[in-house]
Amino acid sequence: MDLTFTEAEESFRHDIRSWLQQHVPAKSLRSMDTADGFEQHRGWEKELHADRWSVVSWPEKYGGRDCTLIEWLIFEEEYYRSGAPGRVSANGVTLLGPTIFGFGTEEQKDRFLPKMASGDEIWAQGWSEPNAGSDLAGLKTKAVRDGDHFVVNGQKTWCSRGAFADWIFCIFRTDPEAQRHKGLTYFLVPADTPGMERNPVGRLDGEPGFAELFFEDASVHESMILGGEGQGWNVAMATASSERGLNLRSPGRFMAPAERAVELFQRMSEARDERVGGVDPTLRDQIIRNWMNAQAYRWFTFSTATRLMGGGHMGPEASLMKVFWSEMDVEIHATALRLAGAQGELMGDAPDAVDDGTWMDGYQFALSGPIYAGTNEIQRNIIAERVLGLPR
Amino acid sequence: MQFAFTEDQLLFRDTVRDLLANECKPEAVRAAWLNPTGRVPGLWDKLVDMGVAALTAPEAAGGMGMNEVDLVLLQEEAGRAALPEVLIEHTAVALPLLAELGESAWLAKAAAGEVIVGVGVGSPYVLYADQADVLLLVHEDEVHAVPAADVTLTAQRSVDYSRRLFSVAWTPSDATLLAKGPAAQQAVVDACDRGALAAAAQCVGIAQTLIEVTVDYVGQREQFGKVVGSYQAVKHHIANALIATEFARPLAYVAAYAVANSTPHRGRDVSLAKAAASDAVDKAARMALQCHGAIGYTFEYDLHLWMKRGWALAASWGDASFHRDRIGRSLGI
């Protein structure tokens with residue numbers, strides 16, 4: 001066991017830290033779920049890509065640096081510590097990207113990965129349907145073969161980034177006769193596909209963070225199938241494993257706000273406005289618990305990374321991680337809002353807002369965590385059934 | 001960054017697991033609850049023979065010269081089996097403390113398995129003080145090694161009947177003084193950290209057993225025509241305990257690494273481990289009892305052997321609140 005970082009890892013940390021110090025915008029960008037904010041965030045992705053920081057763990061030929069998993073975790077720690085903008089490309093580079101590496105043809109890798117890395121093509125996920133949420137295998141949107149094309153009819157919903165994205169990765173039912181999990185196929189769909197309409201839906205925070213997608217005789221070429229016709233469920237589960245585990249939610253994302261909350265506690269304790277009363281001293285314990293949880297997640301992840309680098313695979317234990325990070329994220333932000341007291345409800349442009357309203361923004365975002373990527377109730381079923389072997 | 005154990009470390013863990021699976025079955029622990037010593041007769045000698053008991057003593061003193069990273073997996077096994085022994089006090093705490101203070105006479109005998117060293121740091125009560133040959137006790141900034149003949153013991157009965165606890169009355173003297181001053185105080189802090197680390201690892205092991213026996217039970221017990229383990233309410237209780245345990249475990253390993261390598265943050269790393277492990281074992285115990293229902297609430301059923309050890313160790317060597325407070329102070333709040 002060696003829990004120190006190598007010289008190469010330390011030097012990598014130094015490089016990304018310096019780059020971020022020079023490049024992170026002083027003024028925060030507009031929400032990525034607004035039309036102009038989306039393009040601002042695309043611009044940031046291009047800036048990252050220009051210096052090969054957008055997809056550090058990918059091979060160089062696709063725009064990456066061939067980094068190890070450990071180096072990627074270091075990148076993430078530094079990235080979130082620096083206060084850099086959120087990654088509008090996340091659905092692509094952290095979910096679809098690994099899935100294309102696993103299941104894509106060489107042509108698909110060459111076609112999609114470089115533009116995903118550069119921010120030229122931003123991806124959204126189109127899986128859920130009005131009647132297929134937790135029960136994803138119950139999805140009904142049909143894709144029927146017509147020569148070398150498929151004709152798609154149906155509806156997708158809760159498509160994050162879907163209002164502005166350039167491409168959408170979808171699962172459609174290609175064989176209505178086959179049993180639920182069979183007969184599904186994973187498709188890569190251009191957002192300008194004729195016959196596909198998208199309708200922005202306001203998220204909890206009021207921004208059009210979701211889209212509904214309506215398919216009416218939309219035509220998608222067979223070359224846009226990822227992983228083979230009828231293989232959609234297997235391919236989707238590879239994506240889901242990335243989504244639940246360490247790919248989408250690295251420890252750095254939680255260490256940064258947990259540390260900022262410690263600093264907030266110090267600040268609020270010293271300078272709490274008389275009008276709103278003092279800081280509840282019992283919040284100190286919760287601030288410490290949150291900080292501890294971020295550390296626990298960090299070390300669990302390093303342990304998992306060591307195993308994966310030694311040839312291990314990510315299995316149903318990804319569900320342990322998903323429950324842990326999503327509930328930790330809610331707690332970190334909820335505690336900070338309690339510290340802010342009467343100022344907690346103030347939005348960023350209010351004169352008395354604490355930390356530009358980022359705790360309330362973060363809280364609203366965190367509340368989606370226990371719901372998306374398979375609700376935490378589904379994750380607990382998976383833990384009980386596939387990790388512990390309890391009967392269905 | 002290589003967060004994994006060596007093949008040898010895992011092999012040693014497996015060997016100890018096999019020994020305890022044979023020699024420390026629940027019926028043996030149950031018997032120890034009611035026997036005069038509170039320990040499993042003959043088992044300590046086997047742990048001495050295997051090199052477990054003196055794992056942390058320097059080779060020059062006749063020990064194995066191994067460190068906390070080697071020991072942490074064995075402490076976890078001790079917890080899994082609810083081993084009623086002095087593996088925290090004697091092995092994890094006393095031997096390194098004697099070595100750190102440059103004591104050699106007791107250390108050699110302890111490393112050889114000829115004596116048992118009781119430990120009075122980190123707790124007002126000394127476990128198995130009635131069977132110790134010498135006790136390491138603290139008076140102000142001094143550490144003393146006091147022969148058993150020179151102390152007066154008062155039994156303090158534990159909810160875990162195998163834990164024979166005593167308060168100790170004694171008089172410091174030059175004859176028993178081992179060390180004093182800042183070095184002695186630092187040695188005591190390190191000793192408390194080693195004890196908390198070992199207790200944390202045992203808590204993780206106990207929590208794991210509580211989960212395993214509960215999974216077994218709810219997989220067999222039927223109500224309303226189905227095994228109760230098929231109901232989501234039961235599954236989610238167990239999943240929550242597993243999450244707490246699986247995220248406490250790496251913290252115990254990190255703390256072991258930190259102590260073994262004397263890193264600057266070792267105290268905080270130990271507190272992370274103990275706070276998380278104390279909470280995990282408490283959560284696992286509550287879950288296990290609830291999922292067992294009334295059978296788990298009986299004295300005859302084995303569940304309480306682990307549950308009560310879990311309660312005891314969660315609170316010893318600093319409970320979760322103590323360690324969270326220590327973390328907070330290290331963070332400047």
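All values reported here derive from a predicted model rather than from experimental measurement. The chains referred to below are lettered A, B, ... by the order of the sequence lines, with proteins before strands, and numbering in each begins at 1.
When atom types are taken as modelled, the side chain of B:Tyr257 and the backbone of A:Met1 share no donor-acceptor pair closer than 3.5 angstrom. A donor-acceptor pair is defined here as one N or O able to donate and one able to accept, closer than 3.5 Å; no such pair exists between the side chain of B:Lys235 and the backbone of A:Ile382. Remark: side-chain polar atoms of B:Glu246 are not paired, donor with acceptor, to backbone N or O of A:Leu320 under 3.5 angstrom.
By the 30° and 60° cut-offs, the orientation of the rings of A:Trp299 relative to B:Phe3 is perpendicular.
Per-residue heavy-atom pair counts under 4.5 Å with chain A were compared for B:Asp325, B:Val218, B:Thr263, and the maximum is reached by B:Asp325. Your options are B:Ile211, B:Val69, B:Leu242, and the one with the most heavy-atom pairs under 4.5 Å with chain A is B:Leu242. Note: A:Asp285 leads A:Asn376, A:Asp285, A:Thr6, A:Val387 in heavy-atom pairs under 4.5 Å with chain B.
Contacts between A:Phe300 and chain B at a heavy-atom distance below 4.5 Å involve backbone atoms as well as side-chain atoms. The contact between B:Tyr253 and chain A is made by backbone and side chain atoms together, counting heavy-atom distances below 4.5 Å. Residue contact with chain B, scored on non-hydrogen atoms closer than 4.5 Å, involves the side chain of A:Ile70 exclusively. Looking at B:Val227, only its side chain comes within 4.5 Å of chain A, counting heavy atoms on both sides.
Atom CZ in A:Arg284 sits 10.5 Å away from atom CZ in B:Arg324 (nearest 0.5 Å). Here the CD1 atom belonging to B:Ile243 is positioned 4.0 Å from the CD1 atom belonging to A:Ile383, to the nearest 0.5 angstrom.
A pairwise comparison of heavy atoms in A:Trp291 and B:Arg268 identifies CH2-NE, 3.5 Å as the closest pair.
The contact list for residues 314-323 of chain B toward chain A, using heavy atoms and a distance under 4.5 Å, is empty.
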